[in-house]
Amino acid sequence: MAQPHILQVSELTKKVRFMLETELNYVWLSGEISNFIAASSGHWYLSLKDQKSQVRCAMFKGSNRSVRIAPRNGQQVLVKAKVS
């Protein structure tokens, strides 16, 4: 019987990232903002959540300049996101 291939953590994350980026790339995502942080670097960090799940997000300084409203916790949003 053949031995199973045992992945290192970095191998798994590399494979998952490749799958997400090639299968999904950009998606429209609806959710509620939580854990919003405006870092001193100008980047924004937040979670988007619904009743069952949440996903961690980052919006980098160059992109968030074009946002017309100030994000805040509890706000329902529709965003176009690059999955990575």
Side-chain angles (χ1 to χ4, degrees):
M1 187 160 153
Q3 291 288 344
H5 176 69
I6 300 171
L7 295 173
Q8 296 292 318
V9 172
S10 58
E11 289 177 281
L12 175 63
T13 57
K14 184 177 180 179
K15 287 176 182 288
V16 169
R17 181 178 182 178
F18 177 79
M19 290 170 57
L20 288 172
E21 290 177 349
T22 56
E23 291 293 319
L24 296 175
N25 201 13
Y26 283 93
V27 297
W28 284 97
L29 188 61
S30 172
E32 178 186 325
I33 295 175
S34 66
N35 305 311
F36 177 76
I37 297 171
S40 60
S41 63
H43 304 324
W44 293 346
Y45 301 97
L46 58 117
S47 294
L48 287 179
K49 66 180 186 173
D50 62 19
Q51 293 179 347
K52 297 180 183 175
S53 299
Q54 69 177 355
V55 62
R56 295 287 299 151
C57 304
M59 186 173 212
F60 300 110
K61 181 180 181 177
S63 296
N64 65 27
R65 289 184 194 147
S66 63
V67 175
R68 288 175 254 157
I69 58 168
R72 63 182 191 285
N73 290 324
Q75 191 174 39
Q76 290 291 327
V77 294
L78 175 63
V79 298
K80 185 176 181 182
K82 180 172 179 21
V83 178
S84 179

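Only this structure's heavy atoms are used, side chains among them; waters, hydrogens and symmetry mates stay out. Counting begins at 1 with the first residue of the sequence.
Residues N25 and K82 have side chains in contact (heavy-atom distance under 4.5 Å, counting atoms from C-beta outward). You'll find the side chain of L29 stays beyond 4.5 Å of the side chain of L78, heavy atoms only. Considering only heavy atoms from C-beta on, N35 stays 4.5 Å or farther from L46 through its side chain. M59 places none of its side-chain heavy atoms less than 4.5 Å from the side chain of V79.
In this structure, K14 places its NZ atom where only 12 or fewer heavy-atom neighbours from other residues, nucleotides or ligands lie under 6.0 Å away. Heavy-atom neighbours of Q8 CD from other residues, nucleotides or ligands within 6.0 Å: at or below the threshold of 12.
Taking OG from S34 and CD from Q75, the interatomic distance works out to 12.0 Å, rounded to the nearest 0.5 Å. To the nearest 0.5 Å, the span separating CZ on F60 from CZ on R65 amounts to 13.5 Å.
A chain of hydrophobic side-chain contacts below 4.5 Å, direct or via other Ile, Leu, Val, Met, Phe, Trp or Tyr residues, connects V27 to L20. Criterion: ILVMFWY side-chain heavy atoms under 4.5 Å apart, direct or through other members. Under it, I69 and I37 are not part of a common hydrophobic cluster. Grouping the Ile, Leu, Val, Met, Phe, Trp and Tyr side chains by contacts below 4.5 angstrom, directly or via other members, places L7 with V16.
Side chain of H43 to main chain of K61: a donor-acceptor pair is present (N/O by atom type, distance under 3.5 Å, no hydrogens or angles).
Listed here is the closest heavy atom pair of G74 and E32: CA-OE2, 3.6 Å. A pairwise comparison of heavy atoms in F36 and I33 identifies CB-CG2, 4.0 Å as the closest pair. Between E21 and V83, the shortest heavy-atom contact is CG-O, 3.3 Å. The two residues S66 and S63 make their nearest non-hydrogen contact at OG-O, 3.0 Å. S84 and R17 make their closest contact through OG-NE, 3.3 Å (heavy atoms, listed as atom of the first residue, atom of the second, distance). Listed here is the closest heavy atom pair of P71 and W44: CG-CZ3, 3.4 Å.
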